[in-house]
Structure formats: structure tokens, C-alpha cells
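So the structure is just underneath, and the comments pick up after that.
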Amino acid sequence: EKIKASAFTLGAGLYVTVSHPLEDPESIKLRKQNGEDIHAKVLGWDNRYDLAVLEGEWDIESWELEEAQELSPGAPVWSLGFDQHGPRIHQGILSQVRSLWALPMGGEIAPSLEVDGSLSYTMSGGPLFSEAGQLLGMNSLMPRGKGMTLPIQQLQSLAQSIKIRGNPKMGYLGIATTPAQ
């Protein structure tokens, strides 16, 4: 069975991953490093941020969180993920800390972290760590095809909102334009 994305815990049975590979939200499985599977319930997702929030019965230790604003370009970072061969880790450099990153499907990530370094497809949804081993956020390859990280503060806020309210409801103005003649 092919692994489609990585995932990690925010604590208390709450997991996050990317939403783009979700095909059948009723049959999500999380696989431990030892090959054991647990079933997870999809609480909801927000495709603007390429985020899916899952709930499962596999509690593991959470990481210390670091404020993204304290980071600066040039900081070494590590991306963790899993594929069919087991765990993978890639080293990269924090190339940019932006105040805003406009997403192609609407919305913004503020602040956003951009990482230079190669990421395999299955590392999307995995965590990004600082040199000190602190969790910085979740990696995604969806926007612009390069390594973008949803910072931990925004990730936690979105995950809690999805846990409480489910999928977000997007506003729609219903305005159309026509060329003036």
C-alpha cells in the first residue's frame, strides 16, 4: 500500500496532515513506524491551507512549540516524513519569513515560512523542526510546488477551529463582471 502523505500529532489524539491526497475521508489510516495501523476519523479540512485534521486513539508525546516570528532566514531546519521505506529526514534552510503569503485558493498564511531544500511528495504533511528540535509547523508542497510551512501558531488555531466547528464555510459575494463596450 502506497503512503500518500505524512502526519503528526498536536497532542491528545489530534493529528494534522495535508488535505490534497484525501480521497475517501472514511478510510484514513495512520501507520506507525513499526507498521502498525490505527484508524483515524477526519474531523474536517481546509483546502486553502492544505490542512486536514484527524482524531485517533494513538497518543504520543507532543513537541515544544517555537514562535515563528523569532526565526530568521538562514536558520537550519529539518523536515521529517515517512514513505514506504520508513522515516525520511531532509535538511534545509529557512529562506524567508514572510508577513503574509497569499494562497491560490484564497486566504493568507501569516506569518509564512518558506524553506529551501528538497522535499519528497510523502513528506508533505510532516513536521518542520528547528535546530533545537522544536516543532515549527507543517510542510506542504501544494502552493507553488515548493516547500512552504504552515507555522505552528496558525496550525494549532486552524486545527482547534476545525475540531470544534468542522470544515470552514467560505463566504461568497456572487458578483460577476462583464467587459464594458
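This is a predicted model, so every value here is computed, not measured.
Shortest non-hydrogen contact noted between Pro151 and Leu113 is CG-CG, 4.2 Å. Here the closest non-hydrogen pair linking Ala159 and Val16 is CB-CG1, 4.2 Å. Minimum interatomic distance between Ile93 and Gly74 (heavy atoms only, all atoms of both residues): CG2-CA, 3.5 Å. Between Val18 and Gly125, the shortest heavy-atom contact is CG1-N, 3.5 Å. Nearest heavy atom pair, residue Tyr49 against residue Gln154, reads CE2-NE2, 3.6 Å. Nearest heavy-atom pair across Ser19 and Asp50 is N-OD1, 3.1 Å.
Between Val77 and Thr149 the shortest side-chain heavy-atom distance does not fall below 4.5 Å. Leu80 places none of its side-chain heavy atoms less than 4.5 Å from the side chain of Phe8.
Here the CE atom belonging to Met138 is positioned 9.5 Å from the CG atom belonging to Leu10, to the nearest 0.5 angstrom. One finds the CD atom of Gln160 at 10.0 Å from the CG atom of Leu155 (value rounded to the nearest 0.5 Å). The CD atom of Gln91 lies 8.5 Å from the CD1 atom of Ile89; values are rounded to the nearest 0.5 Å.
No donor-acceptor contact under 3.5 angstrom links the side chains of Ser124 and Asn139, judged on distance only.
Of the possible polar contacts, one joining the Thr9 side chain to the Gly11 backbone as a donor-acceptor pair under 3.5 Å is found. Under a 3.5 Å cut-off, the side chain of Ser6 and the backbone N or O of Phe82 do form a donor-acceptor pair. Not a single donor-acceptor pair under 3.5 Å links the side chain of Ser79 to the backbone N or O of Leu128.
A side-chain contact (heavy atoms from CB on, under 4.5 Å) with Leu54 holds for exactly one of Thr17, Leu14, Ile162; it is Thr17.
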